[in-house]
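First up is the structure itself, then whatever we jot down about it.
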Amino acid sequence: MSAYQELLSAIENPAGREILDPATGELVGKVHESTVAELNQAIEAARAAQPEWAASGHAKRSEFLHRAADAVEANAEALAELLSREQGKPIKNGPNAAFEVGACAAWLRANADTPMEPEVLVDDESGKAELHYMPLGVVGAIGPWNWPMMITVWQVAASLRMGSTVVVKPSEYTPLSVLGLIHVLNQALPSDVLHVVPGGGEIGQALTEHDGIDKIMFTGSTKTGQAIMRSAADGLARLTLELGGNDAGVVLPDVDAQKIAGDLFWGAFINTGQTCAALKRLYVHEDVYDDVCDALVAVAQQMPMGNGREEQNVLGPLQNKQQYDIVAGLVEDAKNGGGRVLIGGDPEAEQPGYFYPTTLVADLPNDNPLVAQEQFGPALPIIKYSDLDEAIAMANGLDVGLGASVWSSDPGAAVEVAQRIEAGTVWINKHGAVDPRVPFGGIKSSGYGLEFGVEGLKSVAAPKVISR
């Protein structure tokens, strides 16, 4: 039995719900659908384990996170294969399954190693005041299907480091990946500090309404985030919400189109475009518009899409039929609205799996649905502008603000534009480059609260002032 088969046999339930490979339609495995009673048991167990975990201190908890990272690395090949089969992303090529598993280990280690000391607020003849950050209790973590392992670790690692225990509810689309990850993590962690409860919307709602949950972390759609806010209101659970984005990129007229094309492409098409902070609408100055379009087409032509277990492929399918239909519908809207399809836009009718071809659409007005709505897939609209103020107004014109980017050969000019763009993060000459040391979070309807770095640790802890 291979390491992958051993991992799958440890987590699947032969009587459970079928999970199918989005590339082939073949059975990946079967997942148990939890009951609310089982969720309650998990929360009770996590709450019982939390005081001892909190009392163990930062150094000991950090040691456990490093052990958990070791366990991820020891099981990396099996985890990557499971992720590829369930989510669809290629195993090795590009920033895909092996990359995601590696990021899990990296984020665990970064959270373990980030210093977290009391902050001295006042220290003079009047006295001394310090700001400490204390464990919250039990964190409920609800993750998405696009980066199911990595985003689960984003939620779990910081919470564990700060002395809380965690109950995870994975997406219904990718539960096996999260079950596999947490099975591996729990080989290194103390009993009951980390639980996973797969299930549908009923489980998610019960988790967010539960009075035993002190903090909810959610990554997903704005609509679901709003529902979570309503559910959590009675219990006053703290919230970190990383919600939908429709990230804009602004290309200034001084760029070298050939030089930036590769980074533009991966900024948009990482994980086949299924990334909250991917580049989803690109504003290009008229002086370099044709050059940028041509350079992007040339890059796209070199990026094979297909089954993630076939070595040559760097792009995989969309994860589910619902998302495929959204992308296909928005591209049709773009065609009907006068868009010029530069590449793609015409999926194979009889092809198995949810493969939508890499698509670039030029000459669209800013109000076309492919521009105004988050496509979350492999279709990028390219909009021409002549006036920089106009481009910035278009970039800021939507009620989203997760990430954005500015592309220029002049760093000073790029920073000036970045300061005018409304987003939680603005990258220069790159897009979506998250770092475990650098805080990340959205504004507007893209959510609130920060993850990563010291600020991310603070967000999963309770501030306490000690004044003397």
Is it true that [Y] and [X] share a donor-acceptor pair across their side chains at a distance under 3.5 Å?
{"X": "Asn186", "Y": "His195", "value": "no"}
{"X": "Ser221", "Y": "Thr224", "value": "yes"}
{"X": "Asp247", "Y": "His431", "value": "yes"}
{"X": "Ser159", "Y": "Lys215", "value": "no"}
{"X": "Tyr356", "Y": "Gln375", "value": "no"}
{"X": "Ser177", "Y": "Glu86", "value": "yes"}

Ion pair check, Arg47 and Glu44, cut-off under 4.0 Å: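 Salt bridge absent between Arg47 and Glu44.
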Short N-O contact, Lys92 and Glu311, less than 4.0 angstrom: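 Looking at Lys92 and Glu311, the cut-off is not met.
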Begin with the C-alpha distance, continue with both residues' side-chain angles, and end with the deciding distance and a verdict on side chain to side chain donor-acceptor pair (under 3.5 Å) for Gln205 and Glu209. CA-CA 6 Å; Gln205 183 174 351; Glu209 293 177 346; 2.9 Å; yes
Face-on cation placement of [X] at [Y] ring, 6.0 Å and 45° thresholds:
{"X": "Arg67", "Y": "Phe64", "result": "yes"}
{"X": "Lys89", "Y": "Trp147", "result": "yes"}
{"X": "Arg85", "Y": "Tyr4", "result": "yes"}

Over 60° means perpendicular and under 30° means parallel, so tell me whether Phe376 and Trp145 are parallel, tilted or perpendicular.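 Phe376 vs Trp145 ring planes: perpendicular.
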Report the C-alpha separation of His66 and Asp113 in whole Å, then their side-chain angles, then the decisive distance to 0.1 Å, and conclude whether the side chain to side chain donor-acceptor pair (under 3.5 Å) test is met. CA-CA 9 Å; His66 276 293; Asp113 294 339; 2.8 Å; yes
